[in-house]
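Owing to the predicted nature of the structure, the values given are computational and were not obtained by experimental measurement. Order of appearance sets the numbers: ligands from 1, and atoms from 1 within every ligand.
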Amino acid sequence: MDIDLGAAERVAAGIGAKALAVGADVGSAADVEASVAATRERFGVPHILVNNAGTTHRNKPLLEVTEDEFDRVFRVNVKSIFRYVRAIAPVMRDAGGGVILNVSSTAALRPRPGLTWYNASKGAASLATKSLALELAPWKIRVNALCPVMGATGLLEHFMGVPDTPENRERFIATIPLGRLSQARDIAAAALFLASDEAEFITGVDLPVDGGRTA
Ligand SMILES: NC(=O)c1ccc[n+]([C@@H]2O[C@H](COP(=O)([O-])OP(=O)(O)OC[C@H]3O[C@@H](n4cnc5c(N)ncnc54)[C@H](O)[C@@H]3O)[C@@H](O)[C@H]2O)c1
């Protein structure tokens with residue numbers, strides 16, 4: 001599910017016939033409802049919900065972040081979790097349980113300057129994760145957060161606030177003990193583990209996927 005349906009379709013095509021691509025804006029109540037309905041129609045009860053869609057304001061001094069930018073970041077990074085949990089937790093409850101993963105960030109654990117309101121949105125995602133874990137435990141719904149360190153996705157240049165040159169990347173890589181940026185497959189592997197029955201006793205954690213950045 002993505003606001004960019006073409007991108008979602010490319011990912012779904014890579015996964016194969018079992019995947020369904022849905023276009024939706026996670027900040028829109030109607031879109032959230034429609035995406036949940038489309039998923040339920042195709043697959044039945046959702047066992048796993050991954051709140052991954054995210055955005056940021058560009059890295060800059062906090063007084064330069066506009067109210068519109070603040071609202072956009074919190075709408076996509078925080079309110080989306082509120083909306084999807086409300087739509088899906090009752091369905092999981094009726095089915096006997098489920099797993100929710102929120103893609104937070106090392107920004108929630110070890111913030112970088114210039115990203116204050118993005119950092120705050122991920123702090124909200126991480127704390128919501130812990131509180132949801134407590135409140136949804138009686139329904140056998142586990143809730144965990146993944147905290148990736150910087151990775152070379154569409155957001156990288158906004159996080160750095162400077163052009164994506166090898167020299168600028170080096171400055172950020174120098175802050176990551178294992179000496180590289182995160183890759184999507186690092187986060188996917190951690191998500192697969194947390195969503196699996198191997199993690200059946202793990203709930204309410206922030207799992208850094210960060211090459212040691214927050215150690
Ligand atoms: N890249 C990093 O350095 C990094 C580090 C830590 C955490 N994260 C988090 O990882 C998650 C995935 O980001 P990414 O790095 O893969 O960046 P990305 O830009 O490649 O992916 C984010 C996706 O969210 C989608 N999206 C944005 N607004 C949306 C909306 N309103 N409704 C639906 N979809 C929307 C975008 O179209 C995009 O496909 C985000 O939550 C991000 O905050 C990223």
Pair Ser126-Asp206, side chain to side chain donor-acceptor pair (under 3.5 Å): steps then yes or no: CA-CA 7 Å; Ser126 279; Asp206 278 312; 2.7 Å; yes

From CA spacing to verdict: side chain to side chain donor-acceptor pair (under 3.5 Å), Thr165, Asn168: CA-CA 5 Å; Thr165 62; Asn168 285 332; 3.2 Å; yes

Audit row: Ser182, Asp186, side chain to side chain donor-acceptor pair (under 3.5 Å) steps and yes/no: CA-CA 7 Å; Ser182 69; Asp186 300 318; 5.3 Å; no

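A side chain to side chain contact (heavy atoms under 4.5 Å, CB included) with Ile100 holds for exactly one of Thr203, Leu132, Asn51; it is Asn51.
The immediate protein surroundings of ligand 1, defined as residues with any heavy atom under 4.0 Å of it, consist of Asp2, Ile3, Ala24, Asp25, Val26, Asn52, Ala53, Gly54, Val76, Val103, Ser104, Ser105, Tyr118, Lys122, Pro148, Val149, Met150, Gly151, Thr153, Gly154, Leu155, Phe159.
Within the structure, the ring-ring contact (aromatic ring centres under 6.0 Å, His included) test picks out the following pairs touching residues 124-177 (sequence neighbours left out): Tyr118-Phe159.
Between the side chains of Arg72 and Thr55, at least one donor N or O sits under 3.5 Å from an acceptor N or O.
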